[in-house]
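Working notes for the structure below.
For this chain, numbers begin at 1 and follow the sequence in order.
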Amino acid sequence: AFTWRFMISLTVRARSCRGVFFRGNSRPAAGERGSLSLPSVLELPPVLLAAVTCLPAAILWGSVITFLPIHGPRSNVPNIGLFFTVYAAFTFISRLAAGRLSDRHGRAVVIIPALCLTALGGFILAFLNGPYLLALAGACFGLGFGGFVPALNAFVVDNTSLAARSTALAVYTSFMDVGMTIGSMLFGLIGALIGFPGMFLVASALTCCGVILFTALHKKVKLSQDDL
């Protein structure tokens, strides 16, 4: 069974690589503006807001995927596979609806509730005591990440010029990677000091701080069409 799974995964990756390396040249023509430098992009308030907003959620997710396999058996859940199954299903459902919703009603309408669901998933894991709460946490994380990741990505695109867009998206996604690294490494030390439930509570509280920050500032940092 695993052999077929690996073969299917390898085929999908090969087709993806073909699309990347054999597509047409998308570089700007001579005379067109190239991308801005990293320091210039870091000075853009929308990019900084998106990066700082996603960072704590990524820290929470990094701590979950790293330490849930240890926390689960200690919390009367020897098999945590249910969490990732429910997470995958609800991520798929969320992305089907979130894109259209954010296009019609604005990015914040999706980003703020989705981040709240992500934080709620962490709080649930802190009080995990059985498979039902595990499934509920997986649903919250699936709806949360399936909603806020593409919507926040679109928020960056909406509020950066064409010249800055590629670097801005790189900064945003890099903060996701940094957050997951912090969650899987530094938060292990926190878990060793206060336990995994306390660690999840701290990471969830940080995610709530990201929600508050985005809610307070997202309208102030949006750029007008004249600035793009």
Side-chain angles (χ1 to χ4, degrees), residues 16 19-20 26-28 33-66 87 91-92 94-95 97-103 105-119 121-122 141-187 203-204 206-225 227-228:
S16 300
V20 171
S26 59
R27 294 181 180 179
R33 293 179 300 173
S35 61
L36 296 182
S37 64
L38 178 59
S40 299
V41 171
L42 286 174
E43 295 176 359
L44 299 176
V47 178
L48 280 177
L49 179 61
V52 175
T53 299
C54 77
L55 180 65
I59 290 174
L60 173 58
W61 183 240
S63 65
V64 168
I65 61 175
T66 304
Y87 167 81
T91 299
F92 178 75
S94 177
R95 293 197 174 179
R100 183 177 300 176
L101 186 62
S102 69
D103 287 340
H105 302 287
R107 311 306 181 193
V109 172
V110 173
I111 294 170
I112 295 171
L115 283 171
C116 290
L117 283 171
T118 301
F141 274 104
L143 291 173
F145 268 85
F148 91 80
V149 172
L152 202 53
N153 188 89
F155 175 82
V156 173
V157 172
D158 291 343
N159 293 283
T160 52
S161 65
L162 183 61
R165 195 161 295 161
S166 59
T167 308
L169 290 173
V171 170
Y172 163 66
T173 54
S174 294
F175 269 70
M176 290 287 293
D177 295 335
V178 170
M180 293 181 65
T181 302
I182 293 173
S184 60
M185 298 179 64
L186 178 60
F187 270 61
S204 299
L206 289 176
T207 303
C208 290
C209 293
V211 176
I212 295 171
L213 183 69
F214 184 84
T215 303
L217 298 179
H218 75 276
K219 292 183 178 179
K220 297 179 180 179
V221 302
K222 290 179 70 173
L223 300 183
S224 66
Q225 291 299 317
D227 296 326
L228 295 178

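- Listed by chain and residue number, nothing satisfies the ring pair (Phe, Tyr, Trp, His ring centres under 6.0 Å) test with F187 (two or more places apart in sequence, or in another chain).
- A distance-only check finds no donor-acceptor pair linking the side chain of R107 to the backbone of A151 [under 3.5 Å].
- To the nearest 0.5 Å, atom CG of residue L143 and atom CZ of residue F92 are 13.5 Å apart.
- Each of T160, N159, V156, V47 was checked for a side-chain contact (heavy atoms from CB on, under 4.5 Å) with R165, and the lone residue meeting it is T160.
- Legend: residues meeting side chain to side chain contact (heavy atoms under 4.5 Å, CB included) with M176, ordered by chain and number and at least two apart, are C54, A58, F145, V149.
- A search for side chain to side chain contact (heavy atoms under 4.5 Å, CB included) contacts involving S184 returns T66, not counting sequence neighbours.
- For the pair D103 and R100, the minimum side-chain heavy-atom distance is 4.5 Å or more.
- For F175 against V52, the heavy-atom pair with the smallest separation is CD2-N, 4.5 Å.
- Summarising the geometry of G147 relative to A98, their closest heavy-atom pair is CA-CB, 3.9 Å, with the distance given to 0.1 Å.
- With sequence neighbours left out, the side chain to side chain donor-acceptor pair (under 3.5 Å) criterion links D177 to no other residue.
- By the side chain to side chain contact (heavy atoms under 4.5 Å, CB included) test, A114 pairs with F148, sequence neighbours left out.
- M180 contributes atom CE, which lies 11.0 Å from atom CG of L60 (distance to the nearest 0.5 angstrom).
- For S94, the side chain to side chain donor-acceptor pair (under 3.5 Å) criterion is met by no residue, not counting sequence neighbours.
- Closest heavy-atom contact between T118 and A57: CG2-CB, 4.4 Å.
- A search for side chain to side chain contact (heavy atoms under 4.5 Å, CB included) contacts involving T53 returns L49, L115, L152, F214, not counting sequence neighbours.
- Distance check, rounded to the nearest 0.5 Å: OG1 of T91 to OH of Y87 gives 4.0 Å.
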Show me the donor-acceptor pairs, under 3.5 Å and distance only, between side chains in residues 206-213 and residues at least two apart or in other chains.
| unit_1 | atom_1 | unit_2 | atom_2 | d |
| --- | --- | --- | --- | --- |
| T207 | OG1 | P56 | O | 3.4 |
| T207 | OG1 | A203 | O | 3.0 |

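- Atom-to-atom distance recorded for S174:OG and L169:CG is 10.5 Å, nearest 0.5 angstrom.
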